[in-house]
Amino acid sequence: MEFIGKINQISSYLIIFIVSLLTVLRLYIGNFFPYWYLLTNQLDELLLINNAHLGQYFANWNIHSLSKTISYSLFLKFVNVIGLPYGFVLSLVWILGGILIVYAVYNYLTKNKIILALIYLFIIFLPCGMDLFISGRVYRNAAIAPFLILFLSSLFIFMNKVISEDSSNRSLLIWGILLGIIFTFNYYLKEDGVGILILFLASIFLVLILNLGPVVKNKSFNVKKYYKIIVISIIPIFIFVGCTFAYSEVNHEKFGVYDINTRTEGELGEFFHNLLLIDDKNNSDIYWVTYSTIDKAWNASPTLQSRPDLFNNWVHSGWAQGNLKENKLNGDTNAWSLRDALAASGLYADEKSTSDFFHKVNAELNDAFKNGDLNKSDKIFISKYAVGRSVGEIFDLKDLFFLLLKTSILYKDLGRDIQKCNVDIMLPSLTFGENNQVKDVESFLHMNIFTKSEYSQDNFEWNFAKASIHFYQLISIIFI
């Protein structure tokens with residue numbers, strides 16, 4: 001028995017050593033990974049990086065200040081403040097996610113050391129965290145997966161602690177607050193957080209239902225205890241609501257509107273939704289809003305008709321190469337071109353005046369829908385900011401669904417080398433001004449930005465990442 005005990009002890013030390021060694025390797029890979037961003041993209045990477053300079057962000061408003069939510073910019077600011085490299089901190093988030101998953105599995109599923117070690121290593125080396133075009137791009141997409149893992153693991157832990165009979169009030173309070181903060185960050189990482197919100201609220205509701213077990217089984221029911229469970233269960237919701245209220249108040253104080261963002265929310269967001277609602281045979285799942293849709297909206301709104309300059313600036317914008325009728329814009333691109341058209345027409349001097357203008361427009365469009373001047377689409381709108389689809393079109397999405405499922409399960413298309421994409425677009429040669437811009441970003445995030453001239457096939461970190469991705473692809477095929 002003593003011999004078996006020593007063997008178990010040695011195996012435990014060996015597991016700890018291997019896990020520690022691979023954790024250090026993960027940090028090293030993450031720290032020296034070839035990070036990059038689109039130097040000319042003012043509305044994605046550069047917008048969120050510039051917003052991370054919070055002093056400038058709040059002091060110097062521009063037409064895109066409230067076009068995206070702020071979570072990723074806050075993460076970048078956190079990186080700047082603590083003084084650690086961006087890639088190192090991002091890797092720490094992955095590692096923390098792995099630790100939380102292991103904590104949840106250890107406490108509620110299994111205590112097998114080998115299984116726990118494999119789960120941890122599986123999480124920290126996930127392909128989406130090693131891919132050049134997801135994690136390598138200094139953009140919010142890199143943060144979605146690791147922070148989602150943090151949310152799901154903390155949600156699972158919190159639910160089990162609430163259901164458990166032996167969890168202390170202090171422990172429940174701490175995990176409730178943590179869950180609320182992590183969820184709020186995830187929700188405002190992008191503008192389409194409705195899916196994660198439904199999961200969050202449904203999970204809280206499920207916890208409350210499960211605690212009604214004694215009632216269902218006709219056993220004694222402690223009403224006082226159930227009230228306590230209700231209070232504890234809604235702590236994360238209170239945190240989310242409180243953070244949202246604070247976020248809204250800050251925006252009102254600094255920008256004049258309570259909206260979290262004015263691209264998908266507020267009066268401007270509502271206007272774009274009204275455009276999507278207009279029945280127009282020229283629109284499609286590719287071209288959401290066409291010239292004819294805009295023309296119909298103008299004919300239905302006296303307020304819009306009073307500003308022919310806005311119409312001309314919008315349909316003749318550079319986004320559509322000066323002619324929207326001939327050069328349709330896909331997806332939500334017209335929402336971005338509208339902001340520039342408003343600025344060119346002198347209608348975007350501040351958020352408040354723009355909101356007031358579109359408040360009148362939306363009221364007129366709503367009246368037009370009611371009295372029949374505008375025909376409303378009968379399609380189903382899952383999101384207010386996305387194109388509607390008929391039942392048949394929804395079923396036609398099955399091919400896309402299975403493609404995404406294949407990508408998720410088999411890690412298809414991950415691990416692509418830079419040469420297989422448009423290198424001149426992805427990693428352009430630097431002009432003098434762009435070189436200074438890159439240096440500013442590198443200084444702010446304590447990191448090295450990868451440029452075209454620096455790219456090499458001999459990069460160890462990227463070659464290791466590709467090898468790990470190919471390994472995941474191989475084992476996914478074997479097990480599936």
Side-chain angles (χ1 to χ4, degrees), residues 43 47-82 140 143-144 147 150-151 154 173-174 176-198 200-201 204 231-273 335 338-339 342-343 347-363 383-385:
L43 301 179
L47 176 64
L48 297 179
I49 291 171
N50 291 335
N51 288 354
H53 296 77
L54 297 181
Q56 299 177 28
Y57 170 70
F58 288 121
N60 302 312
W61 172 89
N62 64 69
I63 62 171
H64 297 300
S65 293
L66 291 183
S67 59
K68 293 196 175 184
T69 46
I70 203 170
S71 281
Y72 185 69
S73 296
L74 291 178
F75 174 69
L76 296 183
K77 182 62 178 179
F78 174 76
V79 170
N80 170 257
V81 170
I82 65 175
R140 60 187 181 182
I144 291 175
F147 279 103
L150 285 180
F151 164 65
S154 59
L173 180 62
I174 291 173
I177 293 172
L178 284 175
L179 175 60
I181 293 171
I182 294 171
F183 168 75
T184 303
F185 181 89
N186 274 272
Y187 184 80
Y188 290 120
L189 198 53
K190 292 187 72 178
E191 295 76 44
D192 53 358
V194 62
I196 193 174
L197 176 61
I198 292 172
F200 177 61
L201 295 177
I204 299 299
V231 172
I232 290 171
S233 297
I234 61 178
I235 285 175
I237 299 176
F238 278 136
I239 297 294
F240 169 64
V241 171
C243 289
T244 299
F245 177 78
Y247 191 173
S248 180
E249 283 292 327
V250 169
N251 281 352
H252 180 254
E253 181 182 344
K254 299 295 182 181
F255 305 119
V257 292
Y258 288 103
D259 308 316
I260 297 300
N261 80 85
T262 54
R263 183 168 59 89
T264 64
E265 298 179 12
E267 296 295 343
L268 196 52
E270 186 65 22
F271 172 66
F272 191 75
H273 175 60
L338 172 59
R339 301 177 88 89
L342 286 166
L347 284 170
Y348 217 146
D350 57 74
E351 296 288 354
K352 180 67 168 61
S353 61
T354 305
S355 179
D356 291 343
F357 177 82
F358 280 100
H359 178 74
K360 297 177 183 177
V361 171
N362 288 325
S383 167
K384 289 184 66 175
Y385 194 69

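Owing to the predicted nature of the structure, the values given are computational and were not obtained by experimental measurement.
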Check your understanding: For K352, what residues pass the side chain to side chain contact (heavy atoms under 4.5 Å, CB included) criterion, not counting sequence neighbours?
Key -> D350, D356
Practice item. Decide whether R140 and S71 meet the rule of one side-chain donor and one side-chain acceptor closer than 3.5 Å. Key: no
Check your understanding: Can you list the residues that meet the side chain to side chain contact (heavy atoms under 4.5 Å, CB included) rule with I196, with sequence neighbours excluded?
Key -> L148, F151, F183, N186, Y187
Practice item. Can you run down the side-chain hydrogen bond (donor to acceptor under 3.5 Å, both in side chains) pairs that involve residues 232-251, sequence neighbours left out, and say none if there aren't any? Key: Y188-T244
Practice item. For E270, enumerate each residue passing the side chain to side chain contact (heavy atoms under 4.5 Å, CB included) test, keeping only those at least two apart in sequence or located in another chain. Key: H273, N274, N362, K384
Review point. If you look only at pairs with a residue in residues 59-69, which of them pass as a side-chain hydrogen bond (donor to acceptor under 3.5 Å, both in side chains), with sequence neighbours excluded?
Key: D44-K68, W61-E351, K68-Y139, T69-E191
Compile the donor-acceptor pairs under 3.5 Å between side chains in residues 73-81 and protein atoms, sequence neighbours left out, one pair per line.
residue: S73; atom: OG; partner: L48; partner atom: O; Å: 2.8
residue: N80; atom: ND2; partner: F444; partner atom: O; Å: 2.9

Exercise for review: Only pairs at least two apart or in different chains count here, so list each salt bridge (Lys or Arg N to Asp or Glu O under 4.0 Å) that has a residue in residues 51-64.
Suggested key: none
**Study point:** Under the side chain to side chain contact (heavy atoms under 4.5 Å, CB included) test, residues paired with I144 that sit two or more places apart
**Key:** N141, L189, K190
Check your understanding: Does anything in residues 176-186 pair up under salt bridge (Lys or Arg N to Asp or Glu O under 4.0 Å), and if so which pairs, sequence neighbours excluded?
Key -> none
**Study point:** Test item: T354 side-chain N/O and L347 main-chain N/O as donor-acceptor pair under 3.5 Å
**Key:** yes
Check your understanding: What pairs with S154 under side-chain hydrogen bond (donor to acceptor under 3.5 Å, both in side chains), at least two apart in sequence or on another chain?
Key -> none
Check your understanding: Who pairs with H252 by ring-ring contact (aromatic ring centres under 6.0 Å, His included), at least two apart in sequence or on another chain?
Key -> Y258
Revision key, fill the gap. Output for pair (L54 CG, I70 CD1), nearest 0.5 Å, gives 5.5 Å
Check your understanding: Considering residues, nucleotides and ligands other than H53, do more than 12 of their heavy atoms fall under 6.0 Å from its NE2?
Key -> yes
Check your understanding: Is the F255-Y57 ring centre distance short of 6.0 angstrom?
Key -> yes
